[in-house]
Asks: 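My questions will all concern the structure given below.
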Amino acid sequence: MTTTPTVRKLSYSRAINEALAEELARDERVFIMGQDVGAFGGAFGVTRGLHARFGGERVIDTPISEMFLVGGGVGAAITGLRPVVEMQYADFLWNAGDEIVGKMSKWRYMHGGLFTVPMVLRLPEGAAGGAGPEHSTCPEAALLAAAGSYIVIPSTPYDAKGLLKSAIRDDNPVAYFEHKGMYGLKGEVPEEEYTIPLGQADLKRVGDDVSIITWGRMVHRALEAAETAAADGISVEVLDLRCLRPLDVAAIVATVEKTGRVIISHEAGKTGGGGGEIAAIIAEECITSLEAPVRRICGIETPVPQSTHLEQYVVPTAEDLGAAITDIARY
Amino acid sequence: MTTTPTVRKLSYSRAINEALAEELARDERVFIMGQDVGAFGGAFGVTRGLHARFGGERVIDTPISEMFLVGGGVGAAITGLRPVVEMQYADFLWNAGDEIVGKMSKWRYMHGGLFTVPMVLRLPEGAAGGAGPEHSTCPEAALLAAAGSYIVIPSTPYDAKGLLKSAIRDDNPVAYFEHKGMYGLKGEVPEEEYTIPLGQADLKRVGDDVSIITWGRMVHRALEAAETAAADGISVEVLDLRCLRPLDVAAIVATVEKTGRVIISHEAGKTGGGGGEIAAIIAEECITSLEAPVRRICGIETPVPQSTHLEQYVVPTAEDLGAAITDIARY
Amino acid sequence: MLTDELKIEIYRMMYLAQTWEQRLLRLLDDGLVSGFYHAGRGHEALEVASMVALRDDDYLLYDHRGCAHMLAKRMSMVSLFGDFLGNDKGSTKGLGAGIVHIADPDHGVLGQSGTLGGGHVLAAGVGLSIKLRKTDQVVVNFFGDGAANRGTFHEGANVAGAWKLPVIYIVQNNGWAISTPQSQVTAIESFAERAAGYGMAGVSIDGMDPFLVYETMAEAVERARGGGGPTLLEGRVVRFRGHYEGDPGTYRSKEELAAGKDLDPVVRTRLRLLEDGLRTEEELDRLQHDVDAEIEAALEEALTGTVPGRERLSEGLYV
Amino acid sequence: MLTDELKIEIYRMMYLAQTWEQRLLRLLDDGLVSGFYHAGRGHEALEVASMVALRDDDYLLYDHRGCAHMLAKRMSMVSLFGDFLGNDKGSTKGLGAGIVHIADPDHGVLGQSGTLGGGHVLAAGVGLSIKLRKTDQVVVNFFGDGAANRGTFHEGANVAGAWKLPVIYIVQNNGWAISTPQSQVTAIESFAERAAGYGMAGVSIDGMDPFLVYETMAEAVERARGGGGPTLLEGRVVRFRGHYEGDPGTYRSKEELAAGKDLDPVVRTRLRLLEDGLRTEEELDRLQHDVDAEIEAALEEALTGTVPGRERLSEGLYV
Ligand SMILES: Cc1ncc(C[n+]2csc(CCOP(=O)(O)OP(=O)(O)O)c2C)c(N)n1
Ligand SMILES: Cc1ncc(C[n+]2csc(CCOP(=O)(O)OP(=O)(O)O)c2C)c(N)n1
Ligand SMILES: [Mg+2]
Ligand SMILES: [Mg+2]
């Protein structure tokens with residue numbers, strides 16, 4: 001008789017921490033830098049304990065210099081190291097725009113493939129607790145045009161750990177978005193080491209009538225909405241893309257062909273969010289499978305207000321999704 | 001008997017220059033700043049003559065400090081002036097990412113509407129003559145998510161002048177993209193003053209069978225392809241969006257409903273280019289009018305190579321569009 | 001000139017700023033005020049005395065460290081409370097709200113960049129605007145020792161120096177950026193050492209001494225108004241509380257903090273006024289009592305405000 | 001130590017850089033080489049002598065002003081020609097091509113940021129990498145007086161100073177950024193004045209004197225290798241040609257340019273070698289003749305290269 005392994009539950013934040021610890025231990029070329037990532041453990045506590053365990057040369061506190069954080073990471077990466085850079089907020093990618101888009105993403109290509117740029121940018125994103133217009137966005141789509149870099153957005157502790165380990169080991173640069181509102185979220189994470197390949201979407205729920213294609217924190221609201229819809233007899237499939245690059249086009253096409261009714265949902269505002277790209281791919285690749293117009297259920301198209309009172313209206317809720325499901329199922 | 005007014009032809013570059021001169025003369029709050037925009041006349045000669053005519057306090061040479069260019073522009077705009085800032089290359093918007101996305105676009109909203117930010121960012125874009133990965137892109141879609149700023153991309157001398165004058169007079173910030181490869185392009189520009197409202201697409205060619213939705217320099221390749229297709233009996237409509245924000249959704253829907261066959265074309269790479277947004281809108285708003293899948297004919301999905309030999313393969317040609325037209329017409 | 005009346009006014013405003021913040025912290029404790037607050041306790045002398053040296057039409061780009069600079073720039077306390085309460089009594093009518101995006105054009109309060117250091121280049125642009133409009137205004141940009149290392153500082157300071165713009169950069173050097181001590185991320189002791197590289201006047205002073213701050217600032221303002229160009233004014237200050245409310249602050253030693261608190265600018269200034277015989281104990285008690293009442297009255301009014309509804313979510317995005 | 005042999009080598013390399021560039025300009029005239037070229041004529045002493053003070057395993061982030069630094073860092077001339085011809089003889093096999101993105105990992109040539117000043121922060125990261133890997137390499141970052149004003153400089157220099165990284169920032173101060181004179185956009189005369197603000201050694205020298213450059217550089221390298229931290233080395237130089245080929249350069253007076261050309265580092269160094277009796281006229285003629293032949297041979301080989309086909313457009317994008 002085999003014993004069921006005891007299932008361990010970890011928070012999203014701890015899962016990331018564990019991935020970092022394991023990779024720091026495994027490969028001495030890996031190091032972490034960012035603001036207050038050292039003894040303080042990071043603005044959100046994600047790097048807690050790493051400074052004590054690995055020391056100040058592996059876990060480095062930096063000045064408030066985002067261009068250095070990324071550009072310096074590139075410099076270290078092309079000379080043999082594997083930096084994991086923490087931005088205090090994902091929104092700050094705009095403070096290092098050229099370093100991300102022009103240097104991290106292009107250095108290898110534009111120098112004829114002579115270098116690799118194995119670095120990971122950790123980007124805590126999302127609306128959570130009134131952090132305002134400059135500390136609350138989900139800017140992952142800003143990097144869609146930045147060919148050369150991968151874009152990873154895990155939605156569960158399990159995915160967060162497995163994808164981060166792959167990202168650190170990958171020789172391409174990776175922008176890794178982690179939603180601040182999920183740090184406390186708990187989920188199963190095996191004791192044993194594992195990795196998740198970049199570029200594979202994950203069916204978080206299987207269904208027949210309607211597909212929700214989503215990523216990041218919206219996955220959970222989609223699952224909630226799917227649960228509610230099930231009670232009404234509508235079977236909803238939830239596809240978590242997990243990566244915007246490499247993008248799992250096959251998984252997108254498969255779910256569209258299966259249900260013919262698609263809702264795309266992300267927290268970022270609709271215009272210029274990643275959903276446009278997904279909708280376009282559907283319109284190109286499998287439009288004839290559609291039984292209803294595509295719908296995007298996304299964040300508001302304004303900066304995120306500072307006031308928590310208004311902030312609550314910014315991100316689509318499970319109810320918003322529920323209404324869209326009912327609508328599209330009836331179409 | 002009325003006399004036909006003599007039609008004046010001006011280059012795209014001169015049309016922009018004229019708009020600048022007229023607005024500098026009309027409103028003393030307007031000033032220009034940028035690298036070498038003074039006596040030198042700008043890297044591409046667009047501001048030639050303005051320094052001599054308006055002096056060094058209206059046409060200001062700046063250091064190589066893109067964050068100051070934009071952020072300083074915001075500072076001037078919220079204290080009563082109307083800066084027109086020239087970036088030497090549109091790609092450099094990434095060097096001032098936070099200033100554009102976080103400050104220029106958000107300052108008004110996030111301070112409760114207490115300020116206006118009447119400024120124009122002139123952004124010379126596009127592949128032309130081997131300027132390489134960091135001086136050749138068409139990054140207009142990078143600002144799609146930057147609600148608060150308008151995005152203008154004129155394709156003819158007439159549009160360039162009329163839209164720039166409107167942009168300068170508008171109390172909202174405007175990112176104005178001008179394709180370097182069009183500076184020499186000539187077209188009719190009336191002697192009389194005129195402006196073109198922001199947010200109105202323009203049907204550059206009327207047709208019945210296939211719609212090409214496009215903007216910027218690709219408009220001309222689309223017209224060329226349309227001409228060729230006409231010889232084969234395919235009637236192509238060319239819709240020049242002219243602005244990505246405000247976006248003329250009605251014009252998009254109208255042309256889709258008319259022809260049912262849509263090609264979206266832009267010079268920027270397909271993934272993360274503005275075409276995704278347009279395709280998504282079609283998939284949401286008028287998918288039932290489609291007789292064929294949407295097609296995107298766009299630039300390559302790599303950085304633009306430095307070598308002119310390779311650069312020629314980067315931007316879709318009229319032939320590429322022609323092939324797509326034939327294909328989609330037959331579908 | 002630092003008259004006796006000005007000294008009293010500076011003290012009054014410091015006391016007001018401190019007490020106002022205490023009251024705000026109680027609202028936070030009561031759950032009435034949401035979000036991040038970075039208490040300014042300890043920074044009152046630098047923030048208040050420098051602002052008292054300005055005119056109403058001078059500009060301020062404040063920083064996140066408390067609200068004393070805004071109060072001293074004569075923003076209404078009702079508006080400030082309203083901003084934190086996120087209601088329509090606030091300067092931003094509940095739309096911005098919270099310290100980050102308070103503003104008041106009538107008093108030259110231009111707002112803040114939430115990405116620290118964003119103000120460095122804005123300030124240079126405001127300076128350029130003043131020069132082009134040929135007024136004799138000045139603009140002040142506040143920031144911390146941490147934000148001093150943003151590249152925006154280089155670009156703003158270089159232009160301000162090259163074009164002799166009327167910009168005053170005030171670095172509130174409390175030695176810490178959240179948990180990171182200045183010495184770990186910066187080679188120099190004083191940021192004023194960077195001024196010369198931009199052709200700027202640079203001065204580093206005890207930012208806990210309001211009268212010294214006032215006099216240094218008055219000089220900088222005079223220079224700026226007279227076309228003499230920008231100043232980098234460093235005030236050495238002490239952050240009494242955590243980086244934000246809730247920060248355990250374990251990275252800082254008890255001794256360091258205790259030594260810092262001995263320099264309390266509010267307490268010491270009161271003593272000085274008494275020692276110099278400018279006011280009696282009773283007079284100061286009465287002054288403080290009046291301030292307390294003012295604050296309570298302002299809060300009372302602010303609490304009558306209404307929180308904006310969902311329909312106002314996009315208000316102010318476009319003109 | 002600057003031995004006589006080193007002096008000859010420095011001269012040889014300067015002559016080579018100058019002649020190599022002449023040859024390249026002929027290719028440009030002939031339409032064989034595409035694109036933007038920013039001639040380095042006049043900058044040879046600074047670019048060559050500083051690189052001669054390095055080892056092969058030291059790193060270089062060059063700038064757009066000519067190719068003398070790359071040549072002196074021992075890049076193959078065949079590769080360099082191939083890069084400009086955009087063919088597979090180039091270091092980037094015709095994929096990067098043109099001065100902006102030449103590279104040679106074996107000689108530590110890490111490439112260039114086409115957005116000027118991008119290298120400032122990369123260099124600091126390379127310095128950090130050296131420190132973490134505990135080698136005694138150094139990294140050199142070249143840039144002009146114009147690019148010195150990018151905010152990236154502040155962020156890179158601050159870190160380099162704070163962490164005593166082995167970075168040498170070389171500013172090639174030719175007084176012009178395209179048409180914009182330094183004095184119009186910068187308050188200071190010498191960028192070395194900015195070094196102290198970062199806890200860096202700063203020195204400004206005549207960049208037209210290769211032996212002085214070598215000695216100053218040797219000191220900076222020794223300091224960096226020994227853990228003494230970064231240096232900001234300003235060389236005052238003259239740009240003999242337009243900003244790019246085709247720039248009429250009307251913004252600069254004939255007198256200024258003529259005076260600059262009188263300082264020709266290649267001509268004057270030859271004279272010095274003769275005056276000091278290190279070599280005879282004939283010996284130098286022979287040396288130059290050999291260099292000329294080397295260049296022609298390299299070009300001949302480079303011209304046999306093949307331009308990459310369309311199918312290679314995305315090569316090297318991902319690993
Ligand atoms: C560009 C940017 N990077 C990082 C942050 C996050 N952050 C907020 S406050 C802070 C520390 C600021 O330190 P300092 O400038 O010294 O001001 P103090 O808090 O000490 O008054 C940091 C890192 C930010 N808001 N903006
Ligand atoms: C960030 C950025 N801004 C502007 C440019 C355009 N540009 C290329 S060269 C140049 C002038 C450079 O001057 P300087 O740094 O003094 O070097 P020099 O050409 O004199 O050697 C400019 C403005 C650029 N490439 N990158
Ligand atoms: Mg501080
Ligand atoms: Mg120069």
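We name chains A, B, ... by the order of the sequence lines, and we start the count at 1 in each one.
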Asks: Heavy-atom pairs under 4.5 Å with chain A - which of V126(D), L110(D), T92(D), T115(D) has more of them than the others?
Replies: L110(D)
Asks: In sequence, state the C-alpha distance, the side-chain angles, and the governing distance for F191(D) and Y169(D), and then conclude on ring-ring contact (aromatic ring centres under 6.0 Å, His included).
Replies: CA-CA 11 Å; F191(D) 289 94; Y169(D) 287 106; over 10 Å; no
Asks: Would you mind checking which part of I102(D) comes under 4.5 Å of any heavy atom in chain A, side chain (CB onward), backbone (N, CA, C, O), both or neither?
Replies: backbone
Asks: Parallel, tilted or perpendicular for Y318(D) and Y150(A), by the 30°/60° rule?
Replies: parallel
Asks: With a 4.5 angstrom heavy-atom cut-off, which part of D98(A) approaches chain D: side chain, backbone, both or neither?
Replies: side chain
Asks: May I ask you to check whether F81(D) and W20(D) place their ring centers less than 6.0 Å from one another?
Replies: yes
Asks: Checking heavy atoms, do the side chain of L95(D), its backbone, both or neither come under 4.5 Å from chain A?
Replies: side chain
Asks: Is R108(A) reaching over with its side chain to a backbone N or O of V117(A), donor-acceptor style, under 3.5 angstrom?
Replies: no
Asks: Taking side chain as C-beta onward, heavy atoms only, is R74(D) less than 4.5 Å from V109(D)?
Replies: no
Asks: In residues 34-48 of chain A, which residues are in contact with chain D at a heavy-atom separation under 4.5 Å?
Replies: none
Asks: For R245(A), is it the side chain, the backbone, both or neither that has a heavy atom under 4.5 Å from a heavy atom of chain D?
Replies: side chain
Asks: If you tally heavy-atom pairs under 4.5 Å against chain D, which of D170(A), I60(A), V70(A) wins?
Replies: I60(A)
Asks: Heavy-atom distances under 4.5 Å only: say whether L69(A) touches chain D with side chain, backbone, both or neither.
Replies: neither
Asks: Return the option, out of H120(D), Q137(D), K93(D), Q112(D), with the maximum number of heavy-atom pairs under 4.5 Å with chain A.
Replies: Q112(D)
Asks: Hey, is the main chain of W163(D) close enough, under 3.5 Å, to the side chain of K131(D) for a donor-acceptor pair?
Replies: yes
Asks: Given heavy-atom pairs under 4.5 angstrom as the criterion, report whether the side chain, backbone, both or neither of E28(A) touches chain D.
Replies: neither
Asks: Indicate yes or no for a side-chain donor-acceptor contact from K73(D) to the backbone of H107(D) under 3.5 Å, with no hydrogens or angles considered.
Replies: yes
Asks: Below 4.0 angstrom, N of the basic side chain to O of the carboxylate: do E23(A) and R26(A) qualify?
Replies: yes
Asks: Can you say whether V139(D) sits under 4.5 Å from chain A via the side chain, the backbone, both, or neither, judging by heavy atoms?
Replies: neither
Asks: If the threshold is 4.0 Å, N to carboxylate O, is there a salt bridge linking E22(A) and K161(A)?
Replies: yes
Asks: Counting heavy-atom pairs closer than 4.5 Å to chain A, which one of G90(D), G114(D), G108(D), P105(D) comes out on top?
Replies: P105(D)
Asks: In terms of side-chain geometry, is the basic nitrogen of D63(D) or R65(D) positioned less than 4.0 Å from the acidic oxygen of its partner?
Replies: no
Asks: May I ask you to check whether S113(D) and K103(A) show a side-chain donor-acceptor distance below 3.5 Å?
Replies: yes
Asks: Between S149(A) and chain D, which part of the residue has a heavy atom less than 4.5 Å away: side chain, backbone, both or neither?
Replies: backbone
Asks: When heavy-atom pairs shorter than 4.5 Å are enumerated against chain D, which of A76(A), G113(A), G102(A) gives the highest number?
Replies: A76(A)
Asks: Does D83(D) use its side chain to pair, donor to acceptor, with the backbone of S91(D) at less than 3.5 Å?
Replies: yes
Asks: If you tally heavy-atom pairs under 4.5 Å against chain D, which of P63(A), G71(A), G80(A), A77(A) wins?
Replies: G71(A)
Asks: So which of L81(A), I78(A), T79(A), L114(A) has the largest heavy-atom pair count under 4.5 angstrom toward chain D?
Replies: T79(A)
Asks: Between K89(D) and E300(D), is there a side-chain N and carboxylate O pair less than 4.0 Å apart?
Replies: no
